[in-house]
Amino acid sequence: MSRIQACFARLAAQGRKALIPFLTAGDPDPKFTLPWLSAMVAAGADILELGVPFSDPMADGPVIQRASERALAHKVSLKRVLELVAQFRLRDQITPIVLMGYLNPIECMGYRAFVATAKQAGVDGVLVVDLPPEEAKERMLPLLYQAGIDPIFLLAPTSTPERIRHADALGRGYLYYVSLKGVTGAGHLDLEDVATKLGMVRSLTHLPIGVGFGVKDASTAASVAKLADAVVVGSALVQKVEENLNHPDKIEAAIVSLISEMRKGIDGV
Amino acid sequence: MTVLKNYRLPDERGHFGDYGGIFVAETLMYPLEELTRAYHKYLRDAEFLAELERDLKDYVGRPSPLYYAERLSRELGGARIYLKREDLNHTGAHKINNTVGQALLAQRMGKRRVIAETGAGQHGVATATVAARFGLKCVVYMGEVDVERQKLNVYRMSLLGAEVRPVRSGSRTLKDALNEALRDWVTNVDDTFYIIGTVAGPHPYPAMVRDFQAVIGREAKRQILEQAGRLPDALVACVGGGSNAIGLFYPFLEDEVALYGVEAAGTGIASGHHAASLCAGRPGVLHGNRTYLLEDEDGQIVETHSISAGLDYPGVGPEHAWLKDTGRAKYVAVTDEEALEAFHRLTRTEGILPALESSHAVAYALQLAKDMDKDQVVLVNLSGRGDKDIHTVAAREGLKL
C-alpha cells in the first residue's frame with residue numbers, strides 16, 4: 001500500500017476527509033520550504049502538494065505564477081526540489097508528498113532519472129499538469145508504476161465520461177477534480193455545480209476524489225469536504241506568502257492559521 | 001535528399017514521430033477534441049471549402065503572384081530566384097490565409113468570441129481583421145515588450161475593434177502571450193475559439209494551420225511549372241513557429257526539391273542571443289506539443305532574441321522538428337546583420353520591401369543561389385511586407401522617424 005493509499009485508508013477509518021495544501025517549492029526562498037512543510041503537517045495537513053517551479057506555468061493564475069518566478073530567482077530546479085523532498089523524508093516518514101508541475105523539467109532531466117531520483121527522495125505522487133493520461137501512457141506511467149509512485153490525474157468540468165473512466169483506470173492514489181473552468185486561484189467555486197458533477201464522477205470512478213481550484217477559506221473547505229474525499233488549497237495559501245513578503249517571519253504563522261481553520265472546518269469542529 | 005513517399009502525418013493523436021501530440025491541462029482536452037472533429041469534418045465539406053476558396057480569392061487577394069527576381073538573380077550570377085509574394089496579401093503577410101480559415105471554422109462551431117496571441121502583431125492584425133469582418137468579439141494577447149516595439153500594429157488592431165491585452169508575466173514576449181491566451185481559453189472554453197497563428201500548440205493546430213497555409217505551396221508549384229517549366233531545385237522560407245515554411249514545403253514533400261528553413265541567429269548562435277530552436281535547441285514540451293526548444297540546463301524556457309519579432313520564439317512547430325530529424329528539410333540560421341543586408345538589397349534591386357522575418361529567407365537564398373548554376377531555380381517565400389519594420393530598421397541606423 002502506498003503512503004497515499006494508507007493515508008486515505010486511515011482517514012476513512014476515522015470518518016475524516018483529507019486536507020491537501022499546496023506550496024511552490026523555494027518560494028520566496030528555499031530555506032523556508034522545509035520548516036513550512038512540517039508546520040503545515042503539525043497544523044493538520046494530511047498530504048503535501050509541492051509545486052515545481054516552471055518558467056511557463058500555463059495552467060496557473062497570477063498568484064502561483066509569481067510564486068514560480070520568486071522560486072526561479074533562487075534557481076530552484078527540479079533537482080533542487082527533489083533534494084528538499086529527501087531532506088523532508090529524513091524527519092517525516094508518514095506524510096505523503098505529491099510533486100505538482102509541468103512536463104518540460106522532467107523531459108529535460110530524463111524520465112528514468114527523474115523517477116529513480118524521486119523514488120529515492122521519497123516522493124509519493126506525481127501530478128504533471130500538461131501530461132494527460134494519453135501522453136503519459138507510453139513513457140511516464142510504466143516507470144511510475146514500477147517505482148510505486150502514484151500518478152495523479154486531473155479531472156475537469158469538461159471531462160467526458162470516457163475520459164473520467166480512463167483517468168480512474170490509469171491513475172493511482174487519488175483523482176484531482178478541478179472545480180472550475182479556469183486557472184488556479186481564478187475565483188470561488190460553485191458548490192452546486194461541483195456537487196452535480198462529482199455525483200457523476202463518483203459513479204464512474206473508484207479512486208478517492210480531491211477537489212481544488214477556488215477553495216479560499218474554511219467555510220468553502222468545509223462544504224467541499226462534504227462532497228469530496230480531499231480538499232486541496234493552493235492559491236489561498238500562496239497568497240499568504242505573497243501578502244507577507246516584506247515580513248517573511250510572519251508567513252509561517254499566517255499559513256498555519258489558515259490550515260488550522262480549514263482543518264476545523266473540514267472536521268466539522 | 002530524403003524524399004518522402006505517401007506522407008500521412010500526423011497520426012490520429014497529432015504525432016509527427018516523437019513530436020507534436022497533446023500536452024495540455026485536462027480542461028482543454030474536450031475543446032481540443034471538439035475542434036479536431038470540426039476540422040476533420042469541414043476540411044472535407046464542399047460548401048466550407050468553396051466558401052474558403054472564395055474568401056481567399058476575393059478577400060485575401062489570392063493567388064499571390066510568383067515573381068521572378070530577374071535583376072537580383074542576374075546581379076548574383078547564380079540560380080534564378082523566384083519570390084512567392086505573400087506580402088501582397090490583404091494585411092500584408094501569409095498570416096491571413098490561416099485566420100480566414102479558422103474564423104470560418106469558429107463560425108461553423110458557433111463560437112462568437114475569438115482570441116489570439118501575437119508577437120510582431122501580424123497574426124494579431126490578421127485575426128482582428130477577420131473578427132471585424134465576421135462580427136466576432138476579439139481579444140489579442142501581446143507581450144508588453146512587443147506592445148512597445150510594435151505600436152503601429154497595436155493601433156491597427158484597436159482600429160479593427162479588437163482589444164489588445166498587454167502581457168506582463170515572464171519575459172513579456174510572444175511565449176508569454178501564448179501562455180496568457182491558453183489561460184483565457186481555459187476560462188472561456190464555452191464560447192471562445194482560440195486562433196493560434198502558427199503550426200505549434202496542441203493537436204490539431206499544427207496540422208490544421210498547415211492545411212490552411214498549404215495554399216502557398218500548391219499555388220507556387222503550379223506557378224513555377226507555368227513560368228519555369230520545371231520544379232524548383234530548392235525552397236527557402238524563414239522559420240519562427242514555422243507556418244509560412246510548412247505552407248510552402250508541404251505540397252513539395254514528395255518531390256525532388258531541397259527544403260531550407262531559415263531560423264533567426266540573432267547576434268550569432270555562439271552569443272546565446274538568438275531564436276534558433278532547431279539549430280541550437282533540444283527536444284522538450286511547451287505550449288501543448290513536443291518539439292525543439294531553447295531551454296536552460298534545468299528545462300526552464302529561456303528568453304530569445306531576434307531583430308524580427310515574428311521569429312522571436314523559443315519553440316518551433318513539431319512537423320519541422322520531425323522534418324529535421326528525418327533529414328527531409330535542412331535548417332540553417334541567419335543573423336540580424338545578414339537579414340538587414342538582405343532587406344536593403346531586395347529593396348534596392350527589386351523595389352520590394354520585405355518583412356524582417358522574410359529577409360532571413362532572402363539572406364539565405366542569396367548565399368545558396370550564388371553557388372548554383374544559372375539554369376537552376378530557388379523559390380523563396382516572401383512571407384510578409386516590411387512596412388511594419390521601418391522603425392526598427394531606421395533605429396538601427398540611428399534615425400528616429
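If you're wondering where the values come from, they're calculated on a predicted model, not measured in any experiment. All chains are named by letter (A, B, ...) in the order of the sequence lines, taking the proteins before the strands, and each is independently numbered beginning at 1.
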message = Strictly distance-based, threshold 3.5 Å: is any side-chain N or O of B:R183 a donor or acceptor partner for the main-chain N or O of A:D60?
response =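 Answer holds: yes.
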inquiry  = Test your reading of the model: is there a side-chain donor-acceptor pair from A:S55 to the backbone of B:I301, 3.5 Å cut-off?
reply    =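 Present.
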request  = Output the residues of residues 155-172 of chain A for which the shortest heavy-atom distance to chain B is under 4.5 Å, in residue-number order; output 'none' if no such residue exists.
outcome  =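 Within residues 155-172 of chain A, the residues that come under 4.5 Å of chain B (heavy atoms only) are A:L155, A:A156, A:T158, A:S159, A:T160, A:R163.
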request  = Using heavy atoms and a sub-4.5 Å threshold, report which of residues 99-109 of chain A line up against chain B, by residue number.
outcome  =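 Expected list: A:L103, A:N104, A:P105, A:E107, A:C108.
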query = Does B:K175 pair with A:D56 as a salt bridge, N-O distance under 4.0 Å?
reply =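 Judged by the 4.0 Å cut-off on N to carboxylate O distance, B:K175 and A:D56 do form a salt bridge.
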message = Can you tell whether the side chains of A:K75 and B:D296 come within less than 4.0 Å, N to carboxylate O?
response =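 Result for this pair is no, no salt bridge flagged.
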key: Closest approach of A:P132 to B:F23 (non-hydrogen atoms, all atoms of both residues)   =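 It is CD-CA, 4.1 Å.
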task = Over all heavy atoms of both residues, which pair between A:Q65 and B:S169 is shortest? Give the atoms and the distance, please.
result =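 Looking at all heavy atoms of both residues, the closest pair is OE1-CB, 3.3 Å.
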Chain A contact via [X] - side chain, backbone, both or neither, heavy atoms under 4.5 Å:
X	answer
B:E297	backbone
B:E295	side chain
B:L293	side chain
B:R290	side chain
B:V189	side chain
B:H15	side chain
B:D184	neither

key: Within 6.0 Å of CZ in B:R13, more than 12 heavy atoms from elsewhere   =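 Yes - once you tally the heavy atoms of other residues, nucleotides and ligands closer than 6.0 Å, there are more than 12.
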Whether over 12 other heavy atoms sit under 6.0 Å from B:E34 CD =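 Result for CD/B:E34: enclosed.
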message = Heavy-atom pairs under 4.5 Å with chain B - which of A:V129, A:L78, A:V178 has more of them than the others?
response =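 Highest number of pairs under 4.5 Å: A:V129.
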How many angstroms lie between [atom1] in [X] and [atom2] in [Y], if you round to the nearest 0.5 Å?
X	Y	atom1	atom2	answer
B:E26	A:F153	CD	CZ	9.5 Å
A:K79	B:D298	NZ	CG	8.0 Å
A:K181	B:T187	NZ	OG1	11.0 Å

Of all pairs that satisfy salt bridge (Lys or Arg N to Asp or Glu O under 4.0 Å), the ones with a partner from residues 117-132 of chain A, not counting sequence neighbours =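 Those involving residues 117-132 of chain A are A:R3-A:D124, A:R89-A:D124.
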query = Which pairs, with at least one residue in residues 191-208 of chain B and sequence neighbours excluded, count as a salt bridge (Lys or Arg N to Asp or Glu O under 4.0 Å)?
reply =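 Listed once each, the pairs would be none.
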task = May I ask you to name which of B:R282, B:H287, B:E180, B:R168 has the most heavy-atom pairs under 4.5 Å with chain A?
result =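 Ranked by contacts with chain A, first place is B:H287.
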Among the listed options B:N188, B:D190, B:V302, the residue most often paired with chain A at heavy-atom distances under 4.5 Å =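 Looking at each option in turn, the highest pair count goes to B:D190.
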query = chain B heavy atoms under 4.5 Å from A:P57: which part of the residue, side chain, backbone, both or neither?
reply =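 Backbone plus side chain of A:P57, per the 4.5 Å heavy-atom cut-off to chain B.
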message = Need one label for A:E135: side chain, backbone, both or neither, based on atoms under 4.5 Å from any heavy atom in chain B.
response =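 Both parts, backbone and side chain.
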